[in-house]
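Computed over heavy atoms, backbone and side chain alike; hydrogens, waters and symmetry mates excluded. The chains referred to below are lettered A, B, ... by the order of the sequence lines, with proteins before strands, and numbering in each begins at 1.
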Amino acid sequence: MSASQAGTVLVTGLAGRLGRRVARRLHRLRPVIGLDPRTVSDLPSDVEHEAVDPLRSGARKLFARGDVSAIVHLGVVHNPQASRSEYHSQNLRVFRRVVELAETFRIPKLVLLSSANAYGPRAENAQFMTENAPLLAGERFSEMHALVELDMYAQSVFWRMPNLELVIVRPANILGTVRNAPSNYLRLKVVPTLMGFDPMVQTVHQDDVAQAIERALLPGVRGIFNIAGPPPVALSKAVSMLDRKTITLPYSVAKGGLSSLFALRMVSFPAPELDFIRYVCMCDDTLARTTLGYAPRFDLEQTLRAVDAERWAT
Amino acid sequence: MDRMAALTRLTDAAASRALPVIGRAFDAARRRAEEVSRKVLGEDFQSRVEWLRRRYENMGGDPFGLDPDVAKSAVTVLSFFHRLYFRTETFGLDNVPETRALLVANHSGQIPIDGAILGSSLFLDLTPPRVGRAMIEKWAVSLPFASTFFNKVGQVVGVPENARRLLAMEELLIVFPEGVRGITKPFSKRYQLQDFGSGFMRLAIETNTPIIPVAIVGAEEQYVNLGNLEWAARLLKMPAFPVVPQVLVPGGQLPLPMKYRIYFGEPLRFGGDPLDEESVIADKAWLVKQTIQDMLNRALAERKDYLK
């Protein structure tokens with residue numbers, strides 16, 4: 001049975017750049033409704049958009065219509081400049097509500113977009129971490145706690161609601177028109193790197209992530225899946241392939257400078273995120289390739305170039 | 001006009017007489033440099049580098065970050081020590097398979113020169129050339145430059161997942177089961193193998209990988225360690241604090257130029273359950289240890305000269 005034979009899929013975080021890519025991909029196969037309090041203009045005409053917060057009662061009405069058979073939860077907010085406690089609890093509260101609604105209306109499928117960054121960059125990491133590896137990103141940065149706890153909360157749903165087909169998708173650094181830390185980093189005019197560190201990095205094209213989500217929606221699929229794109233490269237190679245200028249700084253200087261700039265709200269990267277360009281944090285996506293039949297369509301060049309594709313984006 | 005003609009004559013003379021002399025001198029110097037580098041690196045060094053580059057390109061790049069260009073520079077430097085300083089001689093290289101294997105060797109010499117020379121002999125002496133992949137300490141990876149350098153020359157962080165992945169890639173894994181106990185052993189215990197860890201044996205059984213016992217002769221005498229000061233090691237939080245008087249002599253910081261002899265033994269294969277009790281696994285590891293000890297004893301009996 002293919003995804004096209006199933007009912008309506010509800011996408012939270014539809015107005016985001018990745019949300020729109022996913023909606024564009026899925027609407028050819030099955031009806032799509034989007035849930036996002038933000039406004040969105042450039043959707044295919046058959047994609048419905050409800051501008052409500054999932055926590056509001058309006059969201060409940062959507063579920064009550066009875067045609068929703070799957071939820072894709074992309075509505076995880078990464079706003080490092082927001083008050084820490086607020087965005088920490090907000091993400092968990094929203095996801096909890098989504099799970100409750102899935103339970104109440106007996107929706108059989110829920111896909112959560114997590115991230116392979118939840119494993120955390122550490123010197124002693126195995127080069128490729130499987131889905132069993134502990135999520136240690138919160139060990140050194142509290143900013144990553146929200147993501148780790150969301151993923152953990154989702155894992156508890158596996159045993160609390162055995163009838164729900166829950167899929168946790170943990171992609172590597174998503175590159176494309178999306179406004180996430182790795183894409184923003186590679187879009188910088190002058191890319192800072194750390195003196196003496198050149199870790200291998202793993203990237204995945206935003207449309208490959210959309211492909212993985214489509215495959216995660218197939219009936220019978222449940223569990224946790226790492227998603228990686230083309231073979232990993234050294235960070236310096238990735239930056240040089242984009243013809244960016246680089247500036248190499250000692251770690252202590254970069255950390256001090258970034259902390260000050262972040263405090264002044266001049267950059268969106270909190271200082272602990274420097275560890276992502278210092279140590280290795282890569283995942284093993286063998287399970288997704290064998291179980292989901294996932295295979296990345298974009299090669300390294302295309303994946304990296306996707307961060308500059310904004311002006312062509314719809 | 002006269003002046004111009006004189007200048008022309010002068011430049012002509014320079015071109016016809018002085019330039020050939022300089023050119024010949026330059027050519028001679030270049031030939032001499034090429035000769036030395038050919039002697040040190042071997043005739044086919046470039047083709048070895050290209051062979052390895054193709055091997056990793058066919059894999060879609062090495063996922064651990066091996067960079068053939070950095071590895072080439074490192075081996076170029078190392079080849080001086082390999083050929084001229086330690087005059088390394090290898091025996092039984094045809095025992096090294098073209099597929100995956102665990103190279104289990106004795107470890108000694110206060111600093112891990114033995115690992116580097118073993119690696120360079122796989123690159124320079126083995127045909128087709130291979131990159132020996134060793135596992136490095138976790139803390140080394142947190143140091144700037146060191147982490148990048150080790151990764152680019154093919155060394156990886158010492159966790160079991162990485163070892164399994166390297167073997168799945170049909171790589172040669174260099175293992176020193178004596179670990180710190182071996183490298184810090186005093187001169188009085190030279191060529192006496194210390195206790196073997198058993199992790200390598202579980203790995204070999206689990207992945208059905210042949211073990212190539214390797215005996216390295218020469219490294220154990222490169223630094224004369226009179227003993228380890230335990231209190232100093234505790235104080236400085238170092239694994240050991242060896243007393244090596246030679247470092248006080250000018251130039252003694254370099255290792256003694258002993259002749260390195262590297263013996264590759266016949267492949268050993270082990271079966272059974274990788275999750276067996278420690279005593280069962282330790283027995284199998286002991287067999288490997290004994291094989292290497294025998295190889296060392298034989299090599300030492302045959303050795304007539306420390307330096308030749």
Side-chain angles (χ1 to χ4, degrees), chain A residues 119-134 136 140 172 193-203 226 228-238 240-241 248-255 274-275 277-286 289 295-296 299-301, chain B residues 53-74 100 131 133-171 173 179 199 202-203 206-207:
Chain A
Y119 297 118
R122 301 160 81 238
E124 57 268 50
N125 272 348
Q127 197 77 357
F128 296 92
M129 287 172 285
T130 60
E131 287 80 357
N132 297 333
L136 297 172
R140 290 179 50 189
T193 55
L194 294 177
M195 195 178 281
F197 290 100
D198 189 13
M200 296 293 279
V201 290
Q202 216 172 22
T203 55
N226 290 333
V233 275
L235 179 67
S236 59
K237 174 99 189 294
S240 72
M241 280 173 82
T248 306
L249 302 167
Y251 175 69
S252 50
V253 172
K255 192 179 167 197
L274 280 175
D275 276 359
I277 57 169
R278 191 170 176 221
Y279 299 134
V280 68
C281 178
M282 299 201 290
C283 65
D284 180 338
D285 67 345
T286 315
R289 285 169 194 254
D299 67 15
L300 185 63
E301 180 90 31
Chain B
R53 198 194 296 278
R54 271 198 307 281
R55 177 185 159 92
Y56 290 104
E57 271 171 14
N58 291 343
M59 282 182 194
D62 175 64
F64 291 91
L66 171 69
D67 183 334
D69 293 314
V70 178
K72 181 186 162 188
S73 320
R100 66 170 179 268
V131 177
R133 320 285 306 244
M135 314 294 270
I136 53 171
E137 279 289 335
K138 291 168 192 168
W139 64 263
V141 185
S142 60
L143 306 173
F145 300 104
S147 68
T148 310
F149 175 75
F150 283 129
N151 284 338
K152 296 206 177 211
V153 297
Q155 313 309 300
V156 304
V157 185
V159 292
E161 291 93 326
N162 286 353
R164 283 193 206 102
R165 185 169 286 267
L166 283 170
L167 292 176
M169 288 162 56
E170 301 292 338
E171 291 284 79
L173 210 59
R202 290 185 194 274
L203 184 67
E206 185 190 323
T207 57

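- Listed by chain and number, the residues in a side-chain contact (heavy atoms from CB on, under 4.5 Å) with B:Ala146 are B:Leu143, B:Phe150 (sequence neighbours excluded).
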Check chain B against chain A and list any donor-acceptor pairs under 3.5 Å.
| residue | atom | partner | partner atom | Å |
| --- | --- | --- | --- | --- |
| B:Pro63 | O | A:Gln127 | NE2 | 3.1 |
| B:Phe145 | N | A:Gly196 | O | 2.6 |
| B:Thr148 | OG1 | A:Gly196 | O | 2.6 |
| B:Thr148 | OG1 | A:Asp198 | N | 3.3 |
| B:Lys152 | NZ | A:Asp198 | OD2 | 2.7 |
| B:Asn162 | OD1 | A:Gln127 | N | 2.7 |
| B:Arg165 | NH2 | A:Asp284 | OD2 | 2.7 |

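- Residue contact with chain B, scored on non-hydrogen atoms closer than 4.5 Å, involves the side chain of A:Met282 exclusively.
- In this structure, chain B has a heavy atom under 4.5 Å from the side chain of A:Met200, while its backbone stays farther away.
- Taking all atoms of both residues into account, the shortest heavy-atom contact from B:Gly60 to A:Pro231 is O-CB, 3.6 Å.
- For B:Val159, the part sitting under 4.5 Å from any heavy atom of chain A is the side chain, from C-beta outward, and nothing else.
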